[in-house]
2 protein chains.
Amino acid sequence: MKATRTLRTRILLIAALLAAAAHTAGVSAADSPSPWRPLDPNNTLYMELTGGRVIIELAPQFAPNHVENIKALVRAKYFDQQRINRVQDNFVTQWGDPNFAGPIGDAKPKLPGEFTRSAVGLPFTPLPDPDVYAPQTGFVEGFPAARDSATGEAWAVHCYGMVGVGRGNESDSGSGAELYAVIGHAPRHLDRNITLVGRVVQGMDLLASLPRGKGSMGFYENPSQHTVIKTMRVAADVPEAERTPLEAMRTDSPEFAKNIEARRNRRDEWYKVPAGKIEVCNVPLPVRRVRAN
Amino acid sequence: MKATRTLRTRILLIAALLAAAAHTAGVSAADSPSPWRPLDPNNTLYMELTGGRVIIELAPQFAPNHVENIKALVRAKYFDQQRINRVQDNFVTQWGDPNFAGPIGDAKPKLPGEFTRSAVGLPFTPLPDPDVYAPQTGFVEGFPAARDSATGEAWAVHCYGMVGVGRGNESDSGSGAELYAVIGHAPRHLDRNITLVGRVVQGMDLLASLPRGKGSMGFYENPSQHTVIKTMRVAADVPEAERTPLEAMRTDSPEFAKNIEARRNRRDEWYKVPAGKIEVCNVPLPVRRVRAN
């Protein structure tokens with residue numbers, strides 16, 4: 001009767017449609033490839049908190065050097081027992097050492113920024129709608145992205161759940177030793193100014209529901225308020241039985257395009273005025289858990 | 001050295017500039033009106049949680065009937081001991097009875113939706129930049145808003161912190177007995193589909209940091225997980241000594257326009273590529289606490 005009921009019905013309907021689509025793909029696998037892809041364990045991070053596992057899919061397409069450096073930091077156990085030391089409402093949750101001077105293991109203390117890259121050779125699925133911040137937005141292998149035909153550049157964009165690399169004033173002052181995840185409205189003004197390295201695909205609720213820091217910029221005033229990171233591991237280094245088997249919907253699949261269209265123009269009874277458009281950060285990027293083999 | 005330090009410097013600089021602007025306004029009050037306005041206690045709600053006070057500025061410009069109904073519910077003590085029963089990550093925190101059948105006191109059990117209104121007579125400060133969802137966006141007396149010259153309509157928009165009225169499938173099925181606040185990326189597809197009644201001006205951190213509900217759509221599975229609303233009151237009904245003296249920056253002031261421009265084109269050392277544009281939900285709406293008289 002209330003929004004609650006109706007929205008539930010709507011979501012169940014969407015879930016049913018998705019399941020039907022997946023089923024169809026399954027039974028006719030020879031004809032149409034599955035719209036789902038397993039996450040690559042070599043580019044997946046597990047951050048273990050007391051509340052549970054946060055899973056980050058890395059984006060080497062956009063930041064190959066930072067992704068390599070972060071994996072080196074992870075493998076050197078740099079992040080184990082590091083803290084979440086900043087939670088600024090409607091902005092970011094941040095962890096790691098802001099004063100990291102490294103090197104540790106094979107990880108470098110700083111790297112040139114990977115703020116944009118060449119759009120050449122990048123599989124880009126454009127959205128049909130315009131954007132406030134970029135000439136064109138869309139998706140690249142699961143990540144929200146933008147590109148500019150005038151400059152030939154492409155870049156990942158700061159949607160909810162995207163993970164980036166803290167840096168100082170110099171473009172080359174970041175390393176990946178301090179990371180943040182977006183927990184509020186997309187701070188798109190950060191696009192092309194800072195290196196994005198991935199996206200949280202599970203556990204955003206754990207990062208977004210932390211108490212906000214009361215200090216300047218959301219830093220906690222007291223280290224006792226920090227959330228301890230138990231461990232951070234590359235999924236490939238975790239025994240297979242302990243991995244979380246996730247699949248992400250291919251953003252270049254017909255099923256994803258159907259999802260977008262269903263969101264641009266909601267057709268259920270609840271909606272009175274379909275938006276007719278969608279903004280890149282309002283497009284859901286479906287992830288599902290599958291049974292381990 | 002790291003982003004943290006630099007960002008802190010930047011924020012302090014902005015604060016200093018704001019303070020200077022406010023000071024200037026103060027010393028030459030006869031020449032330039034203050035960019036700050038006190039909140040109207042008749043259109044301000046205090047929702048008391050164990051964690052502190054959440055303050056909502058109501059928007060009778062956009063939803064006069066719902067605002068009246070909500071104040072009637074508040075004055076009938078309907079919300080006292082109600083629960084926050086839904087927290088859906090990257091969407092909404094919601095409270096009140098989804099099955100409210102009223103009436104209670106002077107409050108009606110349902111009202112025609114106030115999804116849009118006539119743009120005529122509404123003081124609208126437009127943003128210079130385009131928008132994905134609306135022909136034009138801007139601000140109306142402190143609220144993010146949109147308008148369409150083709151239809152002559154205006155409406156409040158779903159930015160972070162906006163408060164709306166849950167409803168069922170029928171446009172007239174909401175009453176204000178079930179309210180939500182946006183806690184994630186602006187769900188702009190809800191615009192013109194549901195009644196917005198105000199904005200959280202203090203305490204968003206309390207609503208956004210609650211544990212997410214594990215049930216469908218973020219409803220808590222167990223009532224023991226609910227957050228109890230101790231009381232909800234109209235500020236005018238609260239003894240003056242117990243009120244929180246807040247002022248909001250006037251969104252039609254030159255100072256606010258300066259703030260917007262400073263955000264569209266960041267000029268500090270940290271930014272390498274100024275966005276050159278801004279989206280309505282990325283514009284900060286400054287609120288400050290003043291000493292009580």
Side-chain angles (χ1 to χ4, degrees), chain A residues 1-8 11-12 86-87 89-90 94 98-99 113 115 129-133 159-161 166-169 171 173-174 178 183-189 191-194 204-205 208-212 216-217 219 263 266 269-275 277-279 281-282, chain B residues 1-8 11-12 86-87 89-90 94 98-100 113 115 129-133 159-161 166-169 171 173-174 178 184-189 191-194 204-205 208-212 216-217 219 263 266 269-275 277-279 281-282:
Chain A
M1 198 168 67
K2 286 287 163 186
T4 54
R5 295 277 169 77
T6 315
L7 285 168
R8 185 177 297 131
I11 288 196
L12 290 174
R86 177 189 184 193
V87 184
D89 194 54
N90 193 20
Q94 191 168 298
N99 301 311
F115 305 157
D129 301 311
D131 182 71
V132 176
Y133 292 92
C159 295
Y160 190 90
R167 69 161 173 87
N169 276 350
S171 291
S173 55
E178 187 183 37
I183 62 164
H185 187 70
R188 296 282 310 279
H189 44 281
D191 291 355
R192 298 182 293 155
N193 279 287
I194 194 160
M204 261 313 291
D205 56 323
S209 64
L210 292 170
R212 278 44 179 161
S216 168
M217 297 171 53
F219 280 90
R263 287 260 166 174
R266 311 265 192 152
E269 220 186 332
W270 190 88
Y271 278 88
K272 306 309 172 191
V273 185
K277 293 185 177 163
I278 197 163
E279 188 244 312
C281 294
N282 268 324
Chain B
M1 198 168 66
K2 287 286 166 185
T4 54
R5 296 278 168 77
T6 316
L7 284 168
R8 185 177 296 132
I11 287 195
L12 290 175
R86 176 188 184 193
V87 184
D89 194 53
N90 193 20
Q94 190 167 299
N99 300 311
F100 174 74
F115 305 157
D129 301 311
D131 182 72
V132 176
Y133 291 92
C159 294
Y160 190 90
R167 69 163 173 86
N169 276 350
S171 292
S173 55
E178 186 183 39
H185 187 71
R188 294 283 308 281
H189 43 280
D191 292 354
R192 299 181 294 157
N193 279 288
I194 193 162
M204 261 314 290
D205 56 324
S209 63
L210 292 170
R212 278 42 180 163
S216 169
M217 295 172 54
F219 280 89
R263 288 261 166 175
R266 310 266 189 151
E269 223 186 328
W270 190 87
Y271 278 89
K272 307 307 172 193
V273 185
K277 295 186 177 166
I278 197 164
E279 187 244 311
C281 293
N282 267 323

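Residue numbers begin at 1 in each chain, while the letters A, B, ... track the order of the sequences.
Checking side-chain atoms of A:K272 against main-chain N and O of B:N169 turns up a donor-acceptor pair under 3.5 Å. Judged by distance alone, with hydrogens and angles left aside, the side-chain atoms of B:R167 form a donor-acceptor pair with the main-chain N or O of A:W270 at under 3.5 Å.
When all heavy atoms of A:P274 and B:R192 are compared, the pair lying nearest together is O-NH2, 4.5 Å. Across all their heavy atoms, B:P211 and A:S209 have their closest contact at CA-CB, 4.2 Å.
B:R212 contributes atom CZ, which lies 8.0 Å from atom CE of A:M204 (distance to the nearest 0.5 angstrom). The distance from the NE2 atom of B:H185 to the CD1 atom of A:I183 is 14.5 Å, given to the nearest 0.5 Å. The structure places NE2 of B:H189 at 4.5 Å from CZ of A:R266, a figure rounded to the nearest 0.5 Å.
Looking only at heavy-atom pairs under 4.5 Å with chain B, the residue among A:D191, A:D131, A:V273 that has the most is A:V273. Ranked by heavy-atom pairs under 4.5 Å with chain B, the first of A:G113, A:G184, A:C281, A:P130 is A:C281. Chosen from B:L210, B:I278, B:V132, the residue pairing most often with chain A at heavy-atom distances under 4.5 Å is B:V132.
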